[in-house]
Amino acid sequence: MRLHDFKPLFLGCRHSALISQIHAVMVSSGLLSHGNSISQLISSYAKAGDLESAHKLFDKIPLRRVDSWNAMIIAYSKSECPVEVVNVYNQMVLEGVKPDSSTFTVALKACMILQDLEKGEEIWEKVVECGYENDVFVGSSVLNMYAKCGNMDKAIVVFEKMQRRDIVCWTTMITGFVQSGKGKEAVDLYRWMQREGMVGDGVVMLGLMQASANIADTKLGLSVHGYMIRRALPMDVNMLTSLVDMYAKNGELEIATRVFRKMPYRNTVSWSALISGFAQNGLAVDALQLLIEMQVSGFTPDVASLVSALLACSHVVSLKLGRSIHGYVARKVIMDQVLSTALIDMYAKCGLISCARSLYDHMSSKDLICWNTIIACYGIHGHGREALTLFQQMKHKIEPDHATFAALLSALSHSGLVEEGRHWFDVMVNEYKIKPSEKHYACLVDLLARAGEVEEAKELIISMETKPGLAVWVALLSGCHKHKKLLIGELAANRVLELIPENAGTYVLVANFFAAAKMWDEAAVVRKVMKKAGMKKVPGYSGVEVNGRHHAFLMGDTSHPQYEQIIRLLCNLENEMKAMGYVPKTEFVLQNLEEEVKVKMLCNHSERLAIAFGLLNTTPGTRLLITKNLRVCGDCHEVTKFISVIVKREIIVRDVKRFHHFKDGICSCGDYW
DNA sequence: TTAGGGTTAG
């Protein structure tokens with residue numbers, strides 16, 4: 001038998017036992033001394049999953065040439081054993097064997113997987129020493145190693161020095177920038193690539209699609225789509241899924257849906273991409289409908305689609321659906337950390353913080369995001385102390401990041417824990433060396449200003465290294481409004497106007513501040529600006545889930561079939577409340593109307609309609625969960641306290657910022673919000 | 001014989 005007679009045998013062979021037989025024949029016919037055949041045998045053992053035999057054979061070779069080393073290294077790489085890849089590489093260098101292109105490529109990939117930048121750089125030195133720095137395979141591997149280890153600065157240095165760059169090198173850099181959140185740099189690099197006369201392929205387009213979503217540039221996405229059609233690039237399921245994802249992330253749900261509907265064969269990921277698109281854009285009902293359609297079409301929802309669906313449940317407070325997803329997940333035994341965290345978030349956002357907590361307590365291991373989530377959940381429920389306790393436990397187990405402190409500071413701010421806020425902001429900067437972001441500043445400014453410490457809040461804003469944005473000035477202004485601090489308030493109001501807010505509510509705050517300060521001209525100017533920009537106050541909207549169905553109420557909505565009953569109940573309640581000492585707070589009606597009309601308007605507030613509907617359609621004692629798209633109105637807040645006493649019910653209101661738990665005439669926020 | 005790619009919680 002000659003050597004090449006074995007080739008077809010190797011190619012088709014997937015069983016370790018068979019390979020051993022071939023191995024034996026080769027030994028007896030004296031062919032194993034041939035280097036190529038040994039490498040092939042090693043690869044065959046590896047392909048059959050028998051790395052032990054592969055390594056045993058490797059150990060027996062008296063004079064190991066580079067092919068044998070490579071066969072072993074590639075075998076470990078294919079079996080996803082990066083540690084072993086590096087070990088064999090080390091041994092090879094130690095024995096004085098000169099690595100080649102394949103060795104370096106695979107070894108660098110292993111460092112990338114291990115996120116071992118130090119070892120990767122050591123290998124790169126060896127690459128230069130052996131004269132392989134101009135090899136495009138090795139080059140793109142080192143670029144990828146730097147990129148995936150989060151070091152684009154070093155990647156670009158290597159890239160600029162490269163003498164030859166093929167399409168893979170360019171792609172590596174483009175996707176590297178995209179995945180480190182630098183979409184603009186990715187697009188710039190693509191333009192450079194075009195100037196060099198390179199033609200982008202499908203993988204480059206995938207990178208650009210992600211860049212488009214990254215920098216919210218729909219036009220870029222559309223041009224990528226057009227390019228793919230013009231050049232007739234193959235549109236496989238991955239390509240089309242990426243298009244769906246790109247359009248969805250850019251908020252173009254109609255186009256995303258159109259691409260999705262036209263797909264000849266969809267997979268689980270395509271479904272997930274669109275479901276998450278709907279959920280992220282607040283189109284919760286569409287997201288949940290699509291999840292059902294996905295199952296009807298014979299697809300089993302995976303973690304990604306379930307997580308997105310849970311996010312949608314939180315949006316519309318669909319506790320019933322959220323619970324059924326929980327049940328599904330538990331039955332199918334697909335619970336993992338991501339899903340558990342999403343469930344915790346869902347229960348908390350649906351008002352059931354205790355359910356969230358018990359799920360959290362039962363988790364065997366908790367990652368950073370899980371801790372951040374539970375801290376944030378306690379924050380929005382106004383349990384600042386509990387959030388702080390959890391944070392204290394967390395910091396012994398896992399290193400907190402910027403998001404942890406954002407969640408903690410916001411929790412402290414919801415609970416008015418001023419001293420703690422100052423302290424932990426300080427700890428974040430000085431001990432954890434985390435540079436405070438706009439969000440961190442906004443939380444602390446909010447906390448200080450609401451407590452009346454507007455001077456300190458102003459100084460904090462002035463101390464910011466970056467230009468203060470809208471969030472901090474708005475926080476300062478609302479504190480000044482509350483405490484009637486006119487001088488600093490005026491400063492804040494002017495800064496807010498300079499930054500040209502897009503939110504009508506912000507203008508209303510500025511106008512109200514000027515009005516309260518009797519600066520009528522300024523107030524009028526603000527109202528005029530609003531009118532000119534065509535801005536209208538967002539209409540108040542509340543929702544309540546009754547028997548698993550979501551019912552929505554707009555302010556003053558008379559069209560509801562039960563409207564008569566709702567109003568009658570509200571009138572009866574009002575009479576009882578008045579007997580208990582309630583006086584309507586008509587200052588919350590910000591229009592110039594007769595007192596009597598104002599009172600009537602308060603009665604038509606959407607949260608009141610939702611509460612009354614909930615009371616009418618649930619059995620006595622049932623807890624109600626109300627959602628509101630704006631902050632809860634001050635008068636409704638009083639009214640809900642009274643109602644909780646009269647009807648002996650727990651009423652939970654989730655407004656746009658936080659939760660209010662009303663029970664026995666008291667709100668969990670302690671009237672501080 | 002070795003390099004680049006899609007969805008997912010705060």
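On a predicted model such as this, the values are computed, not experimentally measured, just so you know. Throughout, a chain's letter reflects where its sequence line sits, starting with A, and its residues are numbered from 1. The analysis underlying the following values was restricted to heavy atoms, covering all of them including side chains, and did not include hydrogens, waters or symmetry mates.
When the C1' atom of dG5(B) is taken as reference, atom CD1 of I174(A) falls 12 Å away, rounded to whole Å. Atom C1' of nucleotide dT2(B) and atom CD1 of I113(A) are separated by 13 Å, given to the nearest angstrom. Rounded to an integer number of Å, the gap from D67(A) CG to dT2(B) C1' is 13 Å. In this structure, M145(A) places its CE atom 13 Å from P of dG4(B), rounding to the nearest Å. In this entry the distance linking CG of L274(A) with P of dT8(B) reads 12 Å, nearest Å. One can place CZ of F260(A) at 15 Å from P of dT7(B), the figure rounded to the nearest angstrom. A straight line from CD1 of I398(A) to C1' of dG10(B) spans 13 Å, rounded to a whole angstrom. Residue L189(A) contributes atom CG, which lies 17 Å from atom P of dG4(B) at whole-angstrom precision.
With distances taken from any side-chain atom of Q179(A) to the nucleotides dA9(B), dG10(B), dG6(B), the minimum falls on dG6(B). Picking from dG10(B), dT2(B), dG5(B) the nucleotide with the shortest atom distance to the side chain of K148(A) gives dG5(B). Side-chain atoms of N144(A) lie closest to dA3(B) of the nucleotides dA3(B), dT8(B), dG10(B). Among dA3(B), dG5(B), dT2(B), the nucleotide with an atom closest to any side-chain atom of S102(A) is dT2(B). For V204(A), the listed nucleotide lying nearest its side chain is dG4(B); candidates were dG4(B), dA3(B), dG10(B). Relative to the side chain of V269(A), the nucleotides dG10(B), dG4(B), dT7(B) differ in distance, and dT7(B) lies closest. Taking every side-chain heavy atom of V307(A) into account, dA9(B) is the closest of dA3(B), dA9(B), dT2(B).
With hydrogens and angles left out, the side chain of S276(A) and the base of dT7(B) share no donor-acceptor pair within 3.5 Å. Donor-acceptor pairing under 3.5 Å, judged by distance alone, is present between the side chain of T171(A) and the base of dG4(B). Remark: the D201(A) side chain and the dG5(B) base include no donor-acceptor N/O pair separated by less than 3.5 Å. The base of dA3(B) sits with one of its N or O atoms less than 3.5 Å from a complementary donor or acceptor on the side chain of S140(A).
A cation-pi geometry, defined here as NZ or CZ lying under 6.0 Å from the six-membered ring centre and within 45° of its normal, holds between K366(A) and Y360(A). Relative to the six-membered ring of F260(A), R266(A) meets both conditions, a distance below 6.0 Å and an angle of at most 45° to the axis.
Residue D166(A) is in base contact, counting any heavy-atom pair closer than 4.0 Å across all strands shown. Contact annotation for N267(A): base contact, defined as any heavy-atom pair under 4.0 Å involving a base atom. Across all strands, D302(A) comes closer than 4.0 Å to base atoms (heavy-atom distances). Residue-level contact check: A376(A) touches the backbone only, with heavy atoms under 4.0 Å from sugar-phosphate atoms and none from bases.
Contact annotation: K249(A) side-chain N/O to dT8(B) OP1/OP2 distance is under 4.0 Å. Listed pair Q210(A) / dG6(B) meets the phosphate criterion, a side-chain N or O lying under 4.0 Å from OP1 or OP2. In this model, the phosphate group of dG5(B) is not approached by any side-chain N or O of N238(A) to a distance below 4.0 Å at OP1 or OP2. Regarding contacts with the backbone of dA9(B), a side-chain N or O of Q280(A) is found under 4.0 angstrom from either OP1 or OP2. OP1 and OP2 of dG10(B) both lie 4.0 Å or more from every side-chain N or O belonging to K366(A). Contact annotation: K78(A) reaches the phosphate of dT2(B) (side-chain N/O to OP1 or OP2, under 4.0 Å).
The aromatic rings of H402(A) and H440(A) sit perpendicular to each other, their planes meeting at more than 60°, with 30° as the lower class boundary.
R357(A) has a carboxylate O that lies under 4.0 Å from a charged side-chain N of E386(A), or vice versa, which qualifies the two as a salt bridge.
Q392(A) CD: more than 12 foreign heavy atoms inside a 6.0 Å radius. Heavy atoms of other residues, nucleotides or ligands lying less than 6.0 angstrom from NZ of K439(A) number 12 at most. Other residues, nucleotides and ligands contribute at most 12 non-hydrogen atoms within 6.0 Å of the CD atom of Q163(A).
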